[in-house]
Amino acid sequence: ARLVTGVVIRWLDSSWPSPERVAVLGENDQAWPVVHQIENSGRRVSVAGLILPNNALPPQNGRRLPVLGTTSSLASVINDTRLVRIIILDGCATDQEVDECRALSKRIGVVFSRAIKVPEDDVRLELVVRFGLTLQDLRPVHFTVRPKSVTAVLVLAYYSCVVVFSSALF
């Protein structure tokens, strides 16, 4: 009976995995769009709530994000809510807080992610290692072959029309 139960539990876990439990580290107004995007991503994710930086005030506007705690109580927050990942928003905490949170999450075994705001839509974000440094590259998105060929045909048609009309005038 124990063998059958173990096999059934493993099969259920592989067939219907539990959602990844995530918390967002940041202030409520800054975190809400990120939480909305995570929830609408189509992945099996459960946003447990919000972790506030030490200097942040508790939210007053009644949004639906529960406050799990602050960065000073991060270890108990991770253990109490069984977090798998913490997503820190860009610019929401001091560098010292971020370093402490990263070290603590590494010790506990929780994934520590940073949400990076890309300033423009027409760039591609890449993480590369160059010169012995890990760099974030924002590369401009170039035209593909099709838009270039369409542009070339339009330019050729324009100049052809200019030549035809200018020769008709002289």
Side-chain angles (χ1 to χ4, degrees), residues 6-144 147:
V7 169
V8 168
I9 288 175
R10 281 191 211 113
W11 177 75
L12 286 173
D13 282 344
S14 66
S15 299
W16 293 288
S18 58
E20 180 180 8
R21 293 191 50 84
V22 173
V24 176
L25 195 156
E27 296 190 28
N28 198 24
D29 291 336
Q30 186 183 16
W32 186 247
V34 174
V35 169
H36 184 67
Q37 186 171 352
I38 292 169
E39 290 175 341
N40 292 329
S41 68
R43 298 188 179 252
R44 294 187 48 85
V45 178
S46 170
V47 179
L50 187 65
I51 300 172
L52 295 175
N54 282 331
N55 60 356
L57 297 173
Q60 301 292 326
N61 59 1
R63 293 251 173 122
R64 296 182 293 265
L65 290 176
V67 175
L68 304 174
T70 64
T71 54
S72 60
S73 63
L74 187 62
S76 63
V77 168
I78 291 172
N79 290 328
D80 292 346
T81 57
R82 299 179 326 270
L83 294 177
V84 175
R85 179 182 305 269
I86 298 170
I87 300 174
I88 182 168
L89 303 179
D90 201 22
C92 73
T94 64
D95 290 341
Q96 181 181 356
E97 276 183 297
V98 171
D99 290 341
E100 290 171 1
C101 292
R102 183 184 10 240
L104 182 67
S105 65
K106 181 179 178 183
R107 266 197 322 261
I108 295 176
V110 173
V111 178
F112 188 79
S113 303
R114 290 192 80 155
I116 301 168
K117 183 176 180 181
V118 180
E120 300 152 4
D121 291 335
D122 56 349
V123 294
R124 185 179 63 220
L125 179 67
E126 294 178 356
L127 191 63
V128 297
V129 178
R130 300 246 199 278
F131 323 112
L133 301 169
T134 304
L135 305 171
Q136 292 174 348
D137 283 354
L138 293 175
R139 296 189 180 270
V141 177
H142 298 290
F143 287 115
T144 59

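In this chain, numbering begins with 1 at the start of the sequence shown.
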> Determine whether a donor-acceptor pair (N or O, by modelled atom type, separation under 3.5 Å) exists between the side chain of Ser73 and the backbone of Ser76.
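No, the answer is negative, given that no donor and acceptor are paired below the 3.5 Å cut-off.
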> For the side chain of Glu97 and the backbone of Asn54, is there at least one donor-acceptor N/O pair under 3.5 Å apart?
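Flag set: sc Glu97 to bb Asn54 pair under 3.5 Å.
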> Looking only at heavy atoms, what is the nearest atom pair of Gly69 and Val77, with distance?
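The answer is CA-CG2, 3.9 Å.
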> Keeping Arg82 on the side-chain end and Arg21 on the backbone end, is there a donor-acceptor pair under 3.5 Å?
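Side chain of Arg82 to backbone of Arg21, a donor-acceptor pair under 3.5 Å: no, none is there.
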> Can you confirm whether Cys101 sits close enough to Ile86 that some side-chain heavy atom of one is under 4.5 Å from a side-chain heavy atom of the other?
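No, their side chains stay 4.5 Å or more apart.
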> Distance from Arg114 atom CZ to Leu89 atom CG, nearest 0.5 Å?
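Arg114 atom CZ to Leu89 atom CG measures 10.0 Å (nearest 0.5 Å).
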> List the atom of Ala48, the atom of Pro66, and the distance in Å for their closest heavy-atom pair.
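Heavy atoms only, the tightest pair is O-CG, 3.4 Å.
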> Measure across Leu25 and Ala93 and return the closest heavy-atom pair with its distance rounded to 0.1 Å.
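Minimum heavy-atom contact is CD2-CB, 4.2 Å.
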> Check whether any side-chain heavy atom of Leu104 sits under 4.5 Å from a side-chain heavy atom of Phe112, and report yes or no.
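Result no, sub-4.5 Å side-chain heavy-atom pair not found.
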> With a 4.5 Å cut-off on side-chain heavy atoms, are Leu74 and Ile108 touching?
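Result no, sub-4.5 Å side-chain heavy-atom pair not found.
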> Can you give me the closest heavy-atom contact between Ile78 and Val110, atom names plus distance?
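Closest pair (atom of Ile78, atom of Val110, distance): CG2-CG2, 3.4 Å.
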> Count the heavy atoms of every other residue, nucleotide or ligand shown that sit under 6.0 Å from CG of Asn40, and state whether that count exceeds 12.
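Yes, enclosed.
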> Just jot down the side-chain hydrogen bond (donor to acceptor under 3.5 Å, both in side chains) partners of Arg85, sequence neighbours excluded, or say none.
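Arg85: side-chain hydrogen bond (donor to acceptor under 3.5 Å, both in side chains) contacts with Glu20, Ser113.
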> State the CG-CD1 distance between Leu83 and Ile51, to the nearest 0.5 angstrom.
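Output value for this atom pair is 5.5 Å.
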> Do the non-hydrogen side-chain atoms of Glu39 and Val45 ever get within less than 4.5 Å of each other?
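A side-chain contact is absent here, since even the closest heavy-atom pair is not under 4.5 Å.
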